[in-house]
Amino acid sequence: MTVKKEDFTQLLLKWHKNENSRAMPWKGEKDPYRIWLSEVILQQTRVEQGWAYYEKFIAEFPTIEDLARAPEQKVFKCWEGLGYYSRCRNLIATARKIVGDYGGRFPSDYESIHALKGIGPYTAAAIASFAFNLPHAVVDGNVLRVLSRYTGDATPIDTTAGKKKYTALAGELLDKDQPGIYNQAIMDFGAVVCKPQNPLCTSCVQRKDCQAYCTERVGELPVKEKVLRKRSRWFYYFMVETPDKKVYIRQRQKGDIWADLFELVGWESEEPVYPEDILRGAAAGRVFGKQSLTVKYISKVYRQELTHQTIQGQFFTIHLSHPLPSLKGYILVDKEKLNEYPFPKFINAWLKDPTPAQSLF
DNA sequence: AACACGGGGTC
DNA sequence: GACCCAGTGTT
């Protein structure tokens with residue numbers, strides 16, 4: 001499929017200039033630090049959702065030096081609730097690398113930018129074009145959708161072959177005299193006009209040459225190959241409180257969901273478990289031994305839907321008569337200071353509003 | 001190439 | 001409930 005670049009690109013730029021009123025705090029930004037920060041926040045994240053986080057990060061860490069020297073936990077606390085927490089870990093690592101190895105100055109060529117942690121082809125192209133005016137075309141979900149529809153191409157966008165094909169086309173269509181403007185324009189166009197659902201085809205400036213529109217296949221494009229599979233997980237957590245109002249928490253390790261965030265004492269099950277069985281089970285015995293403990297509350301069943309998982313679980317409030325002699329891997333912190341630690345949304349839902357007892361059999 | 005990784009909006 | 005969002009890293 002060949003595309004007349006002069007048509008597509010010129011119409012796109014004209015639309016951007018005359019009809020695109022989408023405003024964002026980082027638009028037109030030239031500081032590579034701010035561009036980078038906004039792009040990482042926006043990976044797989046809607047502009048509306050990332051907006052407040054960007055403002056918070058800029059206020060808290062105005063420069064890359066501020067970010068590089070900040071305690072990790074403080075940065076994670078700022079990221080709390082945004083999801084995909086490896087982005088935060090890589091953000092910290094890259095800030096420290098740039099400050100340590102590049103004297104605080106962002107590298108200014110595509111390959112060096114791409115080599116940084118948390119920066120893939122999309123983010124590297126965004127930074128290269130927005131900050132350094134380099135001719136690299138961004139390929140995000142918007143671009144894939146726009147190009148698939150415009151060319152009427154049913155090649156799946158979530159395959160290696162598809163990405164390669166659309167990336168090549170994106171590079172051809174790029175206006176190399178103003179790559180930043182062009183990249184901004186095509187992403188806004190995808191978000192505002194060529195939307196996933198109910199695109200604004202009847203008023204679209206590209207409709208005359210849009211193959212999907214002309215052949216009435218807009219609703220069928222782009223094509224995705226992979227089917228989403230969901231897994232169910234159950235988490236049973238204990239707020240184990242000592243007489244002096246301290247509780248046990250630990251940091252989750254990498255390799256699973258919520259890496260680097262904190263969690264309460266607890267364990268996971270592949271199947272739902274009755275509260276009675278949780279408390280009677282061997283695992284509870286290993287944790288609490290013969291210690292006399294009081295179960296103050298058992299929460300309702302909390303549930304959270306994620307893209308690839310359904311999380312369910314319950315929270316037990318336990319009061320100890322004496323602190324446990326040792327609880328390997330856990331730290332003991334003041335209950336009042338729990339809000340200084342980043343927790344998954346699932347746990348925060350209960351921490352912020354602990355539902356009182358169900359039955360205390 | 002396939003899969004894991006959050007949370008939220010829209011229909 | 002299904003799909004998608006200014007994707008990246010690991011295996």
*asked:* At less than 3.5 Å, do the side-chain atoms of A:Thr307 and the base atoms of B:dG7 form a donor-acceptor pair?
replied: yes
*Validate the cation-pi geometry between A:Lys163 and A:Tyr166: distance from NZ or CZ to the six-membered ring centre under 6.0 Å, angle to the ring axis within 45°.*
no
*Could you check whether A:Glu305 gets within reach of a base, just the sugar-phosphate, or nothing at all, counting any heavy atom under 4.0 Å?*
nothing
*Do any N or O atoms from the side chain of A:Gln314 and from the backbone of A:Ser299 form a donor-acceptor pair under 3.5 angstrom?*
yes
*Just call it for A:Asn183: base, sugar-phosphate, or nothing, with non-hydrogen atoms closer than 4.0 Å on any strand.*
nothing
*B:dA4 OP1/OP2 closer than 4.0 Å to side-chain N/O of A:Arg229*: no
*Hey, any chance A:Val218 and A:Val146 share a hydrophobic cluster, counting ILVMFWY side chains that come within less than 4.5 Å of each other, even indirectly?*
no
*Side chains of A:Lys117 and A:Thr94: do they bring a donor and an acceptor to under 3.5 Å?*
no
*When we call it a touch if two heavy atoms are under 4.0 Å apart, what does A:Gly190 touch: a base, just sugar-phosphate, or nothing?*
nothing
*Distance in angstrom units between A:Lys226 NZ and B:dA1 P, rounded*: 9 Å
*Atom P, compared across B:dG6 and C:dT10: separation rounded to whole Å*: 14 Å
*Distance-only donor-acceptor test (3.5 Å): side chain A:Tyr122, base C:dG7*: no
*Would you say B:dG7 has OP1 or OP2 under 4.0 Å from some side-chain N or O of A:Tyr85?*
yes
*side-chain N/O A:Lys345 vs B:dG8 OP1/OP2, d < 4.0 Å*: yes
*Under 3.5 Å, is there an N or O donor on one side and an acceptor on the other linking the side chain of A:Arg145 and the base of C:dC4?*
no
*Using atom CD of A:Gln304 as one end and atom P of B:dC5 as the other, report the distance to the nearest whole Å.*
13 Å
*asked:* Can you classify the ring geometry of A:Phe238 versus A:Phe316 as parallel (below 30°), tilted (30 to 60°) or perpendicular (above 60°)?
replied: parallel
*Would you mind classifying the nucleic acid contact of A:Gln184 as base, sugar-phosphate or nothing, using non-hydrogen atoms under 4.0 angstrom?*
base
*Between A:Asp256 and A:Glu225, who's closer to the 5' end of DNA chain B by nearest nucleotide?*
A:Glu225
*Roughly how many Å is it from NZ in A:Lys230 to P in C:dA2, rounded to a whole number?*
8 Å
*The side chain of A:Thr123 lies closest to which of these nucleotides: C:dT8, B:dA1, C:dA6?*
C:dT8
*Would you mind telling me which of C:dC4, C:dA6, C:dG7 lies closest to the side-chain atoms of A:Arg22?*
C:dA6
*asked:* In whole Å, I'd like the distance from the CE atom of A:Met187 to the P atom of C:dC5.
replied: 13 Å
*Separation of atom CG in A:Leu306 from atom C1' in B:dG9, rounded to whole Å*: 15 Å
*Please report, rounded to the nearest Å, how far the P atom of B:dG7 is from the CH2 atom of A:Trp79.*
13 Å
*asked:* Could you go through A:Asn20 and A:Phe189, starting from their C-alpha distance and side-chain angles, then the distance that decides it, and tell me whether this counts as side-chain contact (heavy atoms from CB on, under 4.5 Å)?
replied: CA-CA 8 Å; A:Asn20 179 20; A:Phe189 181 78; over 6 Å; no
*Measure from the side-chain heavy atoms of A:Arg46 and tell me the nearest of B:dC5, C:dC4, C:dA6.*
C:dC4
*Toward the 5' end of DNA chain C, which comes first, A:Leu228 or A:His308, by nearest nucleotide?*
A:Leu228
*Pick the P atom in B:dT10 and in C:dA6, then give their distance to the nearest Å.*
12 Å
_Let's test your reading of the model: under 3.5 Å, does the base of B:dG8 pair with the side chain of A:Gln49 as donor and acceptor?_
no
*Using distance alone, with no hydrogens and no angle criterion, decide if A:Gln43 and A:Thr123 have a side-chain donor and acceptor under 3.5 Å apart.*
yes
*Name the residue closer to the 5' end of DNA chain C, choosing between A:Leu116 and A:Lys27 according to the nucleotide with the nearest heavy atom.*
A:Lys27
*Can you find a donor-acceptor N/O pair under 3.5 angstrom joining the side chain of A:Thr45 to the base of B:dG7?*
no
_Below 4.0 Å: OP1/OP2 of B:dC5 and any side-chain N or O of A:Gln44_ = no
*Using whole Å, report how far CZ of A:Phe346 lies from P of B:dG8.*
14 Å
*asked:* Can you measure A:Lys117 atom NZ to C:dG7 atom C1' for me and round it to whole angstrom units?
replied: 18 Å
*Could you check which of B:dA1, C:dA6, B:dC11 has an atom nearest any side-chain atom of A:Gln197?*
B:dC11
